[in-house]
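Below you'll find the structure, written out as structure tokens, and then a few comments.
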Amino acid sequence: AFGVVVFQVFVSYVQHKRGEFLEWPKPLEIIFVVVFGLLTTLAWIYQESVETIEEYSGPAIQAGLALGFFVSWLLGRPVVRGYQVDKLGEERASHPILVHMASWL
């Protein structure tokens, strides 16, 4: 999964450079890189406990996503904001209602 996430971030970067995306990197991409990077690192370090890591990977991914969403919200960069800007443009995505909605998603 980590390789897929890194490849997706690379593709997103290329699309940003080509002008298809206005915002890069998106918070959700960073969250995925951190969560799956940590799980991959744990699996490499503790090879004798891979079954246990696999058993708890679901709750670990959910907790990592929840923590990532919370941290991005605290930093003032909600997860959905990047997608709003890419789909609607900066002007429309800056409408007060959409900014309010993005702050709660």
Check whether [X] and [Y] end up in the same hydrophobic cluster, where Ile, Leu, Val, Met, Phe, Trp and Tyr are linked by side-chain heavy atoms less than 4.5 Å apart.
X     : Y     : result
Tyr46 : Val35 : yes
Val33 : Tyr13 : yes
Val6  : Leu42 : yes
Val9  : Phe32 : yes
Ile61 : Phe2  : yes

Is a side-chain donor or acceptor of Ser12 paired with a backbone partner of Gln8 at a separation under 3.5 angstrom?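 Answer holds: no.
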Counting distance only, does the side-chain N/O of Ser72 pair as donor-acceptor with the main-chain N or O of Phe69 below 3.5 Å?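 A pair under 3.5 Å: yes.
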[atom2] on [Y] to [atom1] on [X], rounded to 0.5 Å:
X     : Y     : atom1 : atom2 : result
Leu67 : Gln62 : CG    : CD    : 13.0 Å
Leu28 : Leu65 : CG    : CG    : 7.0 Å
Thr40 : Ile53 : OG1   : CD1   : 10.0 Å
Glu54 : Thr52 : CD    : OG1   : 9.5 Å

Does NZ or CZ of Lys26 lie under 6.0 Å from the centre of the six-membered ring of Phe21, at an angle within 45° of the ring axis? yes
Any non-hydrogen side-chain atom of [X] less than 4.5 Å from a side-chain atom of [Y]?
X     : Y     : answer
Trp24 : Gln15 : no
Ile31 : Val79 : yes
Phe70 : Leu74 : yes

Which atoms form the tightest heavy-atom contact between Ala43 and Val50, and what is the distance? O-CG2, 4.0 Å
How close do Glu20 and Arg18 get, counting heavy atoms only, and between which atoms? OE2-NH2, 2.7 Å
